[in-house]
Amino acid sequence: MKKNAFTLSEVLITLVIVGIIAAITVPTLMANYRKQATLSKLKKFHSTLANAVKLTELDNGIPFSQWSGINNSLDWWNENIGKYMPVVEIAENKYEINDLSRSGSIPSHLYMLNDGTTITEIGTGCCGTGKYISIWYDTNGAKGPNQWGRDIFQFNIRENEARQTLVGANFHSRGTAETRERLLNYCRSGNLKGCTELIMRDGWEFKSDYPFSI
């Protein structure tokens with residue numbers, strides 16, 4: 001009985017077709033993986049931060065709106081919110097953030113978390129805009145691209161008009177709602193809070209019009 005076999009040309013054609021399909025699909029699959037990995041880390045960090053704030057409120061016996069002496073020093077952070085965050089090491093911030101020209105300040109410390117992500121900067125403010133703590137979060141540590149809206153995002157701790165504690169992007173000082181179109185424009189212009197709030201507004205997704213590749 002004669003056996004059927006593939007000819008060399010048929011095998012080569014099949015390999016070429018497989019290669020073309022892989023070249024088309026693999027980049028898309030990798031991009032989707034990076035997006036989902038980033039979103040998973042953002043959601044995890046948001047949940048961890050919110051829980052740390054709640055535990056600190058319980059420790060202090062008062063809500064965030066009544067906290068006093070808030071500052072961005074290592075001592076204050078370690079004695080309050082920081083002790084409930086999974087920080088494994090605190091070091092001088094040695095890596096460059098490519099968008100520093102927009103921030104006007106250079107991060108001084110790097111808070112390395114147990115999942116390989118980092119807190120790159122902590123800022124505080126109060127009074128006219130209501131007290132707040134702003135936190136820059138890097139989803140992949142010192143690895144590139146170290147750019148706002150791609151792997152660096154800002155989370156805020158604020159109080160709203162009802163003096164309730166808000167943990168998230170909270171673009172405006174008192175948690176005032178913003179339109180999605182304006183959030184998209186803020187994010188496109190490189191505003192960290194705009195990107196974070198846009199992602200949260202979209203149900204923790206990167207919609208097709210998200211302005212940066214992940």
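Here, residue 1 is the first one in the sequence, and each next residue gets the next number.
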Sorted by chain and residue number, the salt bridge (Lys or Arg N to Asp or Glu O under 4.0 Å) partners of Lys83 (sequence neighbours excluded) come out as Asp59
For Glu79, check salt bridge (Lys or Arg N to Asp or Glu O under 4.0 Å) against everything at least two apart and list the hits. none
Would you give the length of the straight line joining atom [atom1] of [X] to atom [atom2] of [Y], rounded to the nearest 0.5 angstrom?
X	Y	atom1	atom2	value
Thr56	Ile62	OG1	CD1	11.0 Å
Leu184	Ser189	CG	OG	10.0 Å
Lys44	Thr117	NZ	OG1	7.0 Å
Thr38	Tyr33	OG1	OH	9.5 Å
Ile70	Asn80	CD1	CG	8.5 Å
Asn140	Asp138	CG	CG	5.0 Å

Cys187 vs Trp148 side-chain heavy atoms within contact, under 4.5 Å: no
Within a strict 4.5 Å, meaning less than it, do heavy atoms of the Asp151 and Pro145 side chains meet? yes
Count I, L, V, M, F, W, Y as connected when their side-chain heavy atoms are under 4.5 Å apart, and connections chain through other members. Are Leu110 and Val88 then in the same cluster? yes
Is there a path of hydrophobic side-chain contacts, each under 4.5 Å between heavy atoms, that joins Ile21 and Ile13? yes
Which atom names give the shortest non-hydrogen contact between [X] and [Y], and what distance separates them?
X	Y	value
Gly149	Cys195	CA-SG, 3.8 Å
Met85	Leu49	SD-CA, 4.0 Å
Ile199	Phe206	CD1-CE2, 3.4 Å
Asn146	Gly141	OD1-O, 3.5 Å
Ala52	Tyr84	CB-CB, 3.7 Å
Ile135	Asn156	N-OD1, 4.5 Å

Sub-3.5 Å donor-acceptor pair from the side chain of [X] to the main-chain atoms of [Y], do we have one?
X	Y	result
Arg150	Ser213	yes
Glu57	Pro63	no
Arg34	Ile214	yes

Could you go through Phe45 and Lys41, starting from their C-alpha distance and side-chain angles, then the distance that decides it, and tell me whether this counts as side chain to side chain contact (heavy atoms under 4.5 Å, CB included)? CA-CA 6 Å; Phe45 181 76; Lys41 291 174 182 178; over 6 Å; no
Tyr111 and Thr118 side chains, donor-acceptor separation under 3.5 Å: no
Does the side chain of Asn185 pick up a donor-acceptor pair with the side chain of Arg188 at under 3.5 Å? yes
All pairs passing side-chain hydrogen bond (donor to acceptor under 3.5 Å, both in side chains) where residues 202-211 contributes a residue, at least two apart: Arg180-Asp202, Arg180-Asp209, Glu205-Lys207
Stepwise, does the side chain to side chain contact (heavy atoms under 4.5 Å, CB included) test hold for Ile122 with Ile81? CA-CA 11 Å; Ile122 299 171; Ile81 299 172; over 6 Å; no
Lys/Arg N to Asp/Glu carboxylate O, Glu197 vs Arg201, below 4.0 Å: yes
So Phe153 and Tyr137, ring pair (Phe, Tyr, Trp, His ring centres under 6.0 Å) or not? Walk me through it. CA-CA 5 Å; Phe153 300 85; Tyr137 173 67; 7.9 Å; no
Would you sort out whether Met200 and His46 count as a side chain to side chain contact (heavy atoms under 4.5 Å, CB included), showing the intermediate values? CA-CA 10 Å; Met200 294 179 69; His46 175 258; 3.7 Å; yes
Worked verdict on Phe155 versus Ile133 for side chain to side chain contact (heavy atoms under 4.5 Å, CB included): CA-CA 8 Å; Phe155 287 84; Ile133 301 173; over 6 Å; no
